[in-house]
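Here, residue 1 is the first one in the sequence, and each next residue gets the next number. Hydrogens, waters and symmetry mates are skipped; everything else that's a heavy atom, side chains included, is used. Everything numeric in this text was worked out from a predicted model, so none of it was measured.
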Amino acid sequence: MNLADKVERYAQIKMEMDALKSERDNIEADILKAAEADLKDTKFKTISYSDNHGNVITATNSDNVKIIYPTMLKVIFGKAYADAVKEDVTYKLSASAKRLLAAVYNGEYIKDGSIEDILKALNLDDESFNTLKKKLKGANYNTDVKNLMKFADLDEIEAKENAYLVAEAVAWQNLKHLLTLNNRCIDDDVVEGITETIDSAVIVEQIPKITFIAAK
């Protein structure tokens, strides 16, 4: 089976999976409705339904406790607070912060690089230059590729190469802004220092993934 056949088969499988998921969701909804009716006015929290082959589905009414006023938990539990409440601190990064950390971790930045320098090398007319200067953000690679093909009249390979350079240039500019914000000078020692700190603070794994677009 060649790759074209694999793509076609993938499309078929995905359609079948979507259809099965929809059917499963509908069956679950019907069972939950039946369970709600059967458990009404009883003290039971579970009920099971089976077929003629030994398959069983159990519906359960479970209590979901949501915390509205966290500070009141200390009042409620008092001396037992530490035993009753588990504090869980979660750190989440913004999309831009993730891009910056990943770029520095992977060494994917151009020192002293800028979008303007990349565009100047393309020998564009003023209108195209100014348009791309506004549109190229280094945030979405595929979007940058499309804009370079549209406004710089590049073929796909050239657009991809330049979009990669744009991402590297933007990463450098963002790193400079970060250092400046923290009143740190921009020299090789400082850049090396922040790079080493990032290397020890995070791990960046490049996980392959595929995106499927169905035929219209």
Side-chain angles (χ1 to χ4, degrees), residues 1-103 105-106 108 135 137-147 150 156 160 163 167 198 201-216:
M1 183 182 291
N2 59 37
L3 284 178
D5 292 334
K6 289 180 182 294
V7 172
E8 182 178 358
R9 181 56 185 149
Y10 183 95
Q12 294 171 348
I13 291 172
K14 190 172 188 309
M15 290 178 62
E16 292 170 6
M17 289 175 62
D18 291 343
L20 288 172
K21 182 180 182 302
S22 178
E23 184 179 1
R24 184 199 66 185
D25 291 345
N26 289 334
I27 291 173
E28 287 181 353
D30 290 339
I31 289 175
L32 289 174
K33 288 178 183 177
E36 183 179 2
D38 292 338
L39 291 173
K40 186 177 180 181
D41 300 326
T42 75
K43 293 185 178 181
F44 302 135
K45 289 197 172 184
T46 66
I47 187 169
S48 298
Y49 304 98
S50 62
D51 60 12
N52 297 323
H53 305 285
N55 298 304
V56 179
I57 293 179
T58 299
T60 303
N61 284 332
S62 58
D63 296 322
N64 181 26
V65 179
K66 293 183 178 181
I67 300 172
I68 306 300
Y69 300 110
T71 55
M72 296 305 295
L73 293 176
K74 290 185 178 180
V75 177
I76 295 169
F77 292 105
K79 293 180 180 180
Y81 176 81
D83 299 315
V85 179
K86 179 182 179 182
E87 294 184 352
D88 186 11
V89 179
T90 301
Y91 298 94
K92 292 184 178 181
L93 294 167
S94 66
S96 58
K98 287 180 182 179
R99 286 195 298 271
L100 175 58
L101 292 178
Y105 186 94
N106 292 325
E108 296 174 345
K135 287 185 173 292
K137 304 295 184 182
N140 188 307
Y141 176 77
N142 290 327
T143 298
D144 285 345
V145 169
K146 291 177 181 178
N147 282 326
K150 181 177 180 179
E156 186 176 1
K160 286 183 176 180
I198 290 173
V202 302
I203 294 176
V204 179
E205 297 177 333
Q206 295 187 332
I207 302 173
K209 64 179 182 179
I210 61 174
T211 300
F212 174 71
I213 301 175
K216 296 181 180 179

Looking at [X] and [Y], what are the two nearest heavy atoms and their distance?
{"X": "Val202", "Y": "Tyr105", "result": "O-CE1, 3.2 Å"}
{"X": "Leu39", "Y": "Thr46", "result": "CD2-O, 3.7 Å"}
{"X": "Ser48", "Y": "Val56", "result": "CB-CG1, 3.9 Å"}
{"X": "Ile67", "Y": "Leu73", "result": "CD1-CD1, 3.9 Å"}
{"X": "Asp38", "Y": "Tyr49", "result": "OD2-OH, 2.7 Å"}
{"X": "Asp51", "Y": "His53", "result": "OD1-N, 2.8 Å"}

Are [X] and [Y] side-chain neighbours, meaning at least one heavy-atom pair lies under 4.5 Å?
{"X": "Ile27", "Y": "Ile31", "result": "yes"}
{"X": "Asp63", "Y": "Lys45", "result": "yes"}
{"X": "Tyr81", "Y": "Ile76", "result": "no"}

Atom CD of residue position Glu108 - does it have more than 12 heavy atoms of other residues, nucleotides or ligands inside 6.0 Å?
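Yes.
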| task | Please check if atom CD in Gln12 has more than 12 non-hydrogen atoms from other residues, nucleotides or ligands closer than 6.0 Å. | result |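 Counting other residues, nucleotides and ligands, CD of Gln12 exceeds 12 neighbours.
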To the nearest 0.5 Å, tell me how far [X] [atom1] sits from [Y] [atom2].
{"X": "Ile47", "Y": "Ile57", "atom1": "CD1", "atom2": "CD1", "result": "12.5 Å"}
{"X": "Lys137", "Y": "Arg99", "atom1": "NZ", "atom2": "CZ", "result": "11.5 Å"}
{"X": "Lys21", "Y": "Asn26", "atom1": "NZ", "atom2": "CG", "result": "10.0 Å"}
{"X": "Lys146", "Y": "Lys135", "atom1": "NZ", "atom2": "NZ", "result": "12.5 Å"}
{"X": "Asn106", "Y": "Leu101", "atom1": "CG", "atom2": "CG", "result": "10.5 Å"}
{"X": "Glu36", "Y": "Asn61", "atom1": "CD", "atom2": "CG", "result": "8.0 Å"}

* Asked: Do NZ/NE/NH1/NH2 and the carboxylate oxygens of Glu156 and Lys160 come within less than 4.0 Å?
  ->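 The answer is yes: the pair qualifies as a salt bridge.
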| field | Sidechain N-carboxylate O distance under 4.0 Å for Arg9, Asp5 | value |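 Looking at Arg9 and Asp5, the cut-off is not met.
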Under 3.5 Å, is there a donor on one side chain and an acceptor on the other for Thr60 and Ser62?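 Checked: Thr60/Ser62 side chains show no N/O donor-acceptor pair below 3.5 Å.
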